[in-house]
There are 2 protein chains.
Amino acid sequence: MEKEDEPKPESAQDKERPSRRAEILEQARTLFLDKGYAGTSMSALAKACGIQKASLYHHFPSKEALFIACVTEGYDVAILALQEIQDDRALTHEERVRRALAEIYRITIDSPVGRMSPLIAEVSRQIPEVARAFHDGFIIQQHEIVNAIIDAGIEDGAFARQDRLGMEHLIFGPIVTLSISRQMFTGLETIETLFPVAQVRDSHCDLILQLLRKQPESDSAA
Amino acid sequence: MEKEDEPKPESAQDKERPSRRAEILEQARTLFLDKGYAGTSMSALAKACGIQKASLYHHFPSKEALFIACVTEGYDVAILALQEIQDDRALTHEERVRRALAEIYRITIDSPVGRMSPLIAEVSRQIPEVARAFHDGFIIQQHEIVNAIIDAGIEDGAFARQDRLGMEHLIFGPIVTLSISRQMFTGLETIETLFPVAQVRDSHCDLILQLLRKQPESDSAA
DNA sequence: ATCAACCAACCGTCCGTTCGGTAGGTTACT
DNA sequence: AGTAACCTACCGAACGGACGGTTGGTTGAT
């Protein structure tokens with residue numbers, strides 16, 4: 001069903017080969033996200049790739065190594081769009097916050113990388129390095145960009161200063177939870193009314209901006 | 001279907017017993033939360049209980065049934081304390097919100113029930129009924145109580161009206177995400193500085209109350 | 001005598017992994 | 001040009017062990 005848009009596989013065969021290893025990683029990501037680590041067998045992965053199980057061990061020394069490759073690659077591409085929003089000088093501070101939030105919603109809910117939290121939680125005790133890689137390569141990258149965006153607004157006098165830790169959790173918490181909820185309740189037919197992405201995102205954004213906007217000299221002075 | 005297949009109303013002696021069945025459920029909850037569903041074997045569970053594997057099948061017909069019992073029991077006790085806070089007429093609206101938030105933090109982070117989200121996400125495709133039970137018995141129970149507490153404040157003129165969907169996610173999102181993050185990053189030695197419960201909780205509470213408080217006639221006049 | 005509770009042993013299946021081998025292309029030395 | 005060696009990519013078959021689940025039998029309190 002997944003068809004590479006390459007009509008001729010032998011065009012410059014040694015330069016651009018998307019084949020096998022990348023294909024294995026892609027299929028593995030799908031399966032791991034769907035069934036979990038222990039629930040995904042090498043046999044099922046081999047079948048999904050259309051090759052023999054033993055062939056997997058030509059590309060990866062073990063199931064654990066394959067999994068680590070799965071969850072430690074691809075973070076940077078998810079971060080790039082966020083950085084572009086951060087660096088876009090044409091935006092107002094409020095608009096930059098809105099764009100950044102929308103991008104984080106997109107990353108967390110639509111991309112495999114964002115949906116990995118339950119998976120990493122599952123294996124974090126067995127393979128602690130994946131938690132470290134996920135945290136350093138993905139979590140703090142996002143947090144730093146959001147903090148920088150807010151700090152720039154504060155320095156320009158557009159935003160009020162709020163507690164940083166609380167704001168981080170107020171921004172990322174609802175997004176992560178919405179993503180996980182949508183995975184938990186995929187079976188429920190009412191999922192789109194219970195957990196509608198666009199509606200939650202817009203409302204979330206409005207409330208965050210309420211907190212960031214400077215209140216018109218109400219009680220800030222003692 | 002399994003139900004009361006006990007023709008004798010003899011319920012006098014099974015009131016207070018250490019009850020293997022309860023012990024099995026407790027051990028199973030610990031193992032499932034730690035290793036996931038597929039990662040927990042009936043052998044390992046039997047060993048944790050100090051009994052033979054076959055004995056498990058005396059109490060539960062299958063691994064799946066045992067798991068369902070694990071994740072569909074015990075919600076009500078977690079809800080009770082919340083209801084008491086809701087019904088406590090001696091509290092101010094703000095204080096009631098603070099108490100309720102603190103209780104949700106406690107439930108979600110300290111009790112097994114609250115930490116089940118990744119586990120249920122793992123099996124939601126295989127066993128959809130656990131997702132339904134978790135949602136109906138736990139999620140919406142909490143949401144309804146919180147909404148009722150806020151609505152009471154609005155009716156009394158103590159709180160401003162905010163978008164309900166957004167406020168729900170703003171309240172529960174950070175708590176669920178904090179709980180999952182603390183599970184993901186248990187291995188990291190910096191977890192208490194990265195994800196400190198009390199500090200996040202207090203800051204979260206302050207920000208929520210900022211949104212709920214009526215602003216002093218700034219632009220609320222419609 | 002009954003019967004819930006428990007146990008030892010086992011079943012067939014699937015697990016992750018390994019081994020030996022095949023096909024085809026590239027290189028290296030005559 | 002011939003050919004032997006080597007390399008990557010893959011496959012068929014099998015390994016030992018662990019899996020979920022079953023059986024038949026043994027307790028021990030009632």
Side-chain angles (χ1 to χ4, degrees), chain A residues 4 6 8-28 31-32 34-70 122-123 126-127 130, chain B residues 2-28 31-32 34-71 119 122-123 126-127 130:
Chain A
E4 291 292 332
E6 45 161 355
K8 297 162 67 68
E10 85 278 9
S11 62
Q13 60 268 26
D14 51 341
K15 286 176 186 172
E16 43 169 343
R17 56 176 63 182
S19 59
R20 276 300 109 83
R21 192 191 138 93
E23 153 105 24
I24 292 172
L25 281 178
E26 185 187 330
Q27 296 291 338
L31 280 175
F32 282 138
D34 196 44
K35 314 263 189 182
Y37 179 73
T40 298
S41 71
M42 296 296 269
S43 316
L45 175 57
K47 185 180 292 184
C49 296
I51 61 176
Q52 284 300 114
K53 187 169 51 164
S55 306
L56 296 175
Y57 287 83
H58 177 74
H59 299 274
F60 300 94
S62 68
K63 182 187 184 183
E64 182 174 315
L66 197 158
F67 178 80
I68 291 175
C70 258
E122 179 194 345
V123 300
Q126 305 168 244
I127 320 175
V130 307
Chain B
E2 73 296 342
K3 61 178 191 303
E4 292 296 326
D5 50 1
E6 196 167 344
K8 294 183 281 188
E10 187 93 20
S11 62
Q13 63 189 10
D14 52 12
K15 280 177 185 173
E16 44 168 347
R17 66 165 97 165
S19 177
R20 258 287 117 81
R21 188 191 140 96
E23 152 106 22
I24 291 171
L25 280 179
E26 184 186 331
Q27 295 290 339
L31 279 175
F32 281 139
D34 196 45
K35 315 259 189 184
Y37 178 73
T40 299
S41 72
M42 296 295 271
S43 315
L45 175 57
K47 186 179 292 182
C49 296
I51 61 176
Q52 287 295 320
K53 184 174 56 164
S55 304
L56 295 175
Y57 287 87
H58 177 73
H59 300 274
F60 300 94
S62 68
K63 183 187 184 183
E64 182 173 316
L66 197 157
F67 179 80
I68 291 175
C70 257
V71 297
L119 186 54
E122 179 195 344
V123 300
Q126 304 168 246
I127 319 174
V130 306

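Reminder, nothing fancy here: chain letters follow the sequence lines and each chain counts from 1.
- The shortest non-hydrogen separation linking B:A69 to B:R21 is CB-NH2, 4.4 Å.
- Taking atom CD1 on B:I24 and atom P on C:dA5, their separation rounds to 10 Å, with Å as the unit.
- Contact record, B:L31 with B:A48: CD1-CB, 4.1 Å, taken as the closest heavy-atom pair.
- Nearest nucleotide to the side chain of A:Y57, out of D:dG20, C:dT18, D:dC11: C:dT18.
- Within the 4.0 Å cut-off from OP1 or OP2 of C:dA5, not a single side-chain nitrogen or oxygen of B:S55 is found.
- As a whole-Å value, the separation of A:F32 CZ from C:dG16 P is 9 Å.
- Comparing C:dG16, D:dG12, D:dG20 by their closest approach to the side chain of A:A54 singles out D:dG12.
- Put simply, NZ on B:K53 is 10 Å from C1' on C:dC10, counting in whole angstrom units.
- Regarding A:R21, its CZ atom lies at a distance of 15 Å from the C1' atom of D:dT8, rounded to whole Å.
- Residue B:K63 places no side-chain atom within donor-acceptor reach of the base of D:dG21, judged by atom type and a 3.5 Å distance cut-off alone.
- Contact between the side-chain N/O atoms of A:Q52 and the OP1/OP2 oxygens of D:dG12 is found at a separation under 4.0 Å.
- The shortest distance between the side-chain N/O atoms of B:S41 and the OP1/OP2 oxygens of D:dC19 is below 4.0 Å.
- Applying the 4.0 Å criterion to OP1 and OP2 of C:dC15, one finds that A:S43 has a side-chain N or O inside that range.
- Regarding contacts with the backbone of D:dC10, a side-chain N or O of A:R20 is found under 4.0 angstrom from either OP1 or OP2.
- The NE2 atom of A:H59 sits 16 Å away from the P atom of C:dT17 (whole-angstrom rounding).
- With a 4.5 Å cut-off on side-chain heavy atoms, B:L66 and B:Y57 do not count as touching.
- Summarising the geometry, the separation between OH on A:Y37 and C1' on C:dC15 is reported as 12 Å, rounded to the nearest angstrom.
- Rounded to an integer number of Å, the gap from CD1 of A:I127 to P of C:dG16 is 13 Å.
- Straight-line distance from the CZ atom of B:F60 to the C1' atom of C:dA5: 14 Å, rounded to whole Å.
- The minimum heavy-atom distance between A:A44 and A:S41, with the atom names listed, is N-OG, 3.0 Å.
- The phosphate of D:dC10 (OP1 or OP2) has no side-chain N or O of A:H58 nearer than 4.0 angstrom.
- In this structure, B:K63 satisfies the cation-pi test against B:Y37, with its NZ or CZ atom closer than 6.0 Å to the six-membered ring centre and inside 45 degrees of the ring normal.
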